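We're numbering straight along the sequence, starting at 1. None of these values were measured; they are calculated from a predicted model.
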Amino acid sequence: MNNRIIKRILQNKASLVGFILVAFFALVALFAPLLAPVHNPHNPYQLPQSSYEVTPQPPSPQHIFGTTEQQYDLYYGVVWGTRLAFKIGITVTFFAFLIGLFLGSAAAYFGGAVDEIIMRFTDIVFAVPSLVLAMVIAAMLGPDIKNMMIALTAVAWPSYARLVRGDVLSVKTRDFVTASRALGARGPRLLLKHILPNSIYPSVVVASLDIGYIVLTAASLSFLGLGAQPGTADWGQLIAMARNWVLGSSGNTFAYWYTVAVPGGVIFLFVLGWNLLGDGFRDILDPRQG
């Protein structure tokens, strides 16, 4: 980041809070092997299990965040779940952005039948609620993290395609593009060198906001049994294992509060961080801002 971007983030308290939260989670993900030593070298995302006892155990020196049902360690799940959240959020957003960028720019640049076909297909995808469509695709492919990421990518790209198409249509009529054509710029060179670099900033802002949303949706799919396998260090899976303990025990509603509060709080802070940081990027990249 250059000095201007850093200065803008520091001046905006909300974006500064978002940056701090995202940086904190990034450090947790980076140093996950040190914070929570790997239990299974073949699968670091497998939760350690101390026993098969059904009832969750409260926080203790051995399990600082407590355990879920069947004694899966919440601390390990939170730490390695952070790395998995970054993996899912960034990977899905990256590929959805690329697909949307390619289809949206092609539709706007070539127009005609190409534009009609691409945008009508985009409308079809938009016609189905994204979570419902992701559930259907994930169910067809089978419960697995990779399949879940494919399902999320399949429902995330249309928003980028629409946004890029609108921006390319606006930019390609501007004077500097007309001048480039007059100087001989044509085809892919005109699109890649002159039009796209001036069209993608709104999409970059949306991408920064979408990372948190993608992770939230992934947690929803895991909670419904359409994402990570049981025993995986996945935030949605941790909440799924807490569903039987939300109401606590007889006479003590908050007996098992940690089973929901720990993974739920982590998801809340992660999504909040990306949303605040995305708002900051919007202000920074908005050409109307001074």
Side-chain angles (χ1 to χ4, degrees), residues 18-94 143-149 152 211-212 214-223 225-246 255-274 277:
F19 177 78
I20 292 173
L21 286 172
V22 172
F24 170 76
F25 281 109
L27 290 174
V28 171
L30 180 64
F31 294 106
L34 297 177
L35 296 172
V38 175
H39 171 71
N40 181 356
H42 302 291
N43 181 13
Y45 296 109
Q46 180 180 335
L47 290 168
Q49 189 175 16
S50 57
S51 72
Y52 294 96
E53 183 181 349
V54 176
T55 306
Q57 297 300 310
S60 65
Q62 292 76 28
H63 306 285
I64 60 175
F65 288 165
T67 64
T68 66
E69 60 183 18
Q70 299 185 3
Q71 307 312 301
Y72 290 112
D73 185 42
L74 272 172
Y75 172 75
Y76 190 96
V78 166
V79 172
W80 282 93
T82 302
R83 178 174 284 198
L84 187 59
F86 273 102
K87 178 181 178 180
I88 293 172
I90 293 176
T91 302
V92 170
T93 302
F94 175 75
D144 181 77
I145 291 177
K146 290 183 179 179
N147 292 340
M148 178 178 66
M149 292 168 66
L152 291 173
I211 292 177
I214 291 296
V215 171
L216 189 61
T217 307
S220 301
L221 292 178
S222 290
F223 179 82
L226 298 173
Q229 296 285 354
T232 302
D234 174 82
W235 294 339
Q237 188 62 234
L238 294 178
I239 294 181
M241 289 187 285
R243 73 177 77 192
N244 296 325
W245 311 96
V246 173
Y256 306 108
W257 63 270
Y258 48 90
T259 60
V260 178
V262 171
V266 169
I267 293 174
F268 169 77
L269 292 175
F270 186 88
V271 175
L272 177 64
W274 279 108
L277 189 61

Work out which heavy atom in [X] is nearest to a heavy atom in [Y]; give both atom names and the distance.
X    : Y    : value
R83  : P33  : NH2-CD, 3.5 Å
A218 : M148 : O-SD, 3.5 Å
M241 : L47  : CE-CD1, 3.9 Å
I267 : A219 : CD1-CB, 4.0 Å
D234 : A228 : CB-CB, 3.7 Å
Y75  : A36  : CE2-CB, 4.0 Å

### Message
Rounded at 0.5 Å granularity, tell me how far CE in M149 sits from CG in L221.
### Response
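M149 atom CE to L221 atom CG measures 12.5 Å (nearest 0.5 Å).
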
### Query
How many angstroms lie between OH in Y72 and NE2 in H39, if you round to the nearest 0.5 Å?
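Going from OH on Y72 over to NE2 on H39, the span is 9.5 Å.
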
### Message
For S50 and H63: C-alpha separation, side-chain torsions, deciding distance, then whether side chain to side chain contact (heavy atoms under 4.5 Å, CB included) applies.
### Response
CA-CA 10 Å; S50 57; H63 306 285; 4.0 Å; yes

Ignoring hydrogens and angles, tell me if any N or O in the side chain of [X] forms a donor-acceptor pair with the backbone of [Y] under 3.5 Å.
X    : Y    : value
T68  : L238 : no
Q237 : T232 : no
Q71  : E53  : yes
Q49  : Q70  : yes
Q229 : P143 : yes

### Task
Would you please name every residue forming a side chain to side chain contact (heavy atoms under 4.5 Å, CB included) with L272, sequence neighbours left out?
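Checked L272 against side chain to side chain contact (heavy atoms under 4.5 Å, CB included); matches are L21, F268, L276.
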
#### Entry: All side chain to side chain contact (heavy atoms under 4.5 Å, CB included) counterparts of V28, not counting sequence neighbours
F24, L35, V79, T82

### Task
Step by step, work out the side chain to side chain contact (heavy atoms under 4.5 Å, CB included) result for V54 and N244.
CA-CA 10 Å; V54 176; N244 296 325; over 6 Å; no

### Task
Check T93, T217, I211, L152 against I88 for a side-chain contact (heavy atoms from CB on, under 4.5 Å) and give me the one that passes.
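Single side-chain contact (heavy atoms from CB on, under 4.5 Å) partner of I88 among T93, T217, I211, L152: L152.
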
### Query
Between T259, V260, I239, which is the residue that forms a side-chain contact (heavy atoms from CB on, under 4.5 Å) with V246?
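Of T259, V260, I239, side-chain contact (heavy atoms from CB on, under 4.5 Å) with V246 is met by V260 alone.
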
### Reference residue F86; test ring pair (Phe, Tyr, Trp, His ring centres under 6.0 Å); the match among F94, F25, F270
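Of the listed options, the one satisfying the test is F270.
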
### Query
Could you walk me through whether W245 and T55 pass the side chain to side chain contact (heavy atoms under 4.5 Å, CB included) check?
CA-CA 9 Å; W245 311 96; T55 306; 4.2 Å; yes

#### Entry: Residues L216, W235; criterion side chain to side chain contact (heavy atoms under 4.5 Å, CB included); working and verdict
CA-CA 9 Å; L216 189 61; W235 294 339; over 6 Å; no

### Any pair counted as ring-ring contact (aromatic ring centres under 6.0 Å, His included), so long as it reaches residues 40-59, sequence neighbours left out
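Checked against ring-ring contact (aromatic ring centres under 6.0 Å, His included) - neighbours excluded - the pairs reaching residues 40-59 are Y45-W80.
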
